[in-house]
Amino acid sequence: MTFLDKNYWSERYSSGKTGWDIGLASTSLVQYLDQIVKRDISILIPGAGSGHEVFMILKNSKI
């Protein structure tokens, strides 16, 4: 199995072996997003995983 194999990453995600998932939106990303003045922009979050950043953005939006 290689790192380029989708089964490898699917198994890691399914088994909870996600060292990249810190359980919340990262502090540096939150700080960056907080300083954005123009709020009517589109944001791409590639590989959203658990979606911590997405939930943080929605929680803090004026939608």
Side-chain angles (χ1 to χ4, degrees):
M1 192 175 307
T2 69
F3 294 121
L4 298 177
D5 180 8
K6 70 177 182 175
N7 295 321
Y8 172 83
W9 294 108
S10 293
E11 192 280 323
R12 296 272 316 236
Y13 186 78
S14 296
S15 66
K17 296 177 185 172
T18 54
W20 61 85
D21 188 340
I22 60 173
L24 60 135
S26 69
T27 302
S28 56
L29 182 60
V30 171
Q31 291 172 344
Y32 174 75
L33 293 172
D34 283 346
Q35 60 86 36
I36 295 175
V37 176
K38 184 177 175 163
R39 299 290 179 149
D40 61 342
I41 60 174
S42 296
I43 298 174
L44 170 65
I45 304 175
S50 298
H52 302 295
E53 292 82 5
V54 175
F55 292 123
M56 185 273 310
I57 291 167
L58 285 172
K59 184 177 115 184
N60 295 317
S61 71
K62 302 215 184 325
I63 297 175

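Because the structure is a prediction, the values reported are computed rather than measured.
- Shown here are the side chain to side chain donor-acceptor pair (under 3.5 Å) partners of S10, two or more places apart in sequence or in another chain: there are none.
- The side chain to side chain donor-acceptor pair (under 3.5 Å) contacts involving residues 22-33 comprise nothing, where partners must be two or more places apart or lie in separate chains.
- Both M56 and I36 are assigned to one and the same hydrophobic cluster, defined by single-linkage of ILVMFWY side chains at heavy-atom distances under 4.5 Å.
- Considering only residues two or more places apart in sequence or on other chains, K38 meets the side-chain contact (heavy atoms from CB on, under 4.5 Å) condition with D40, I41.
- Residue F55 belongs to no hydrophobic cluster, having no ILVMFWY side-chain heavy atom closer than 4.5 Å to its own.
- Residues I22 and L29 fall into different hydrophobic clusters, defined by Ile, Leu, Val, Met, Phe, Trp and Tyr side chains chained together at heavy-atom separations under 4.5 Å.
- Legend: residues meeting side-chain contact (heavy atoms from CB on, under 4.5 Å) with K6, ordered by chain and number and at least two apart, are absent.
- Its side chain outside the 4.5 Å cluster rule for every partner, Y13 clusters with none of the Ile, Leu, Val, Met, Phe, Trp and Tyr residues.
- Inter-residue side-chain proximity for H52 and D21 is flagged as met; some heavy-atom pair is nearer than 4.5 Å.
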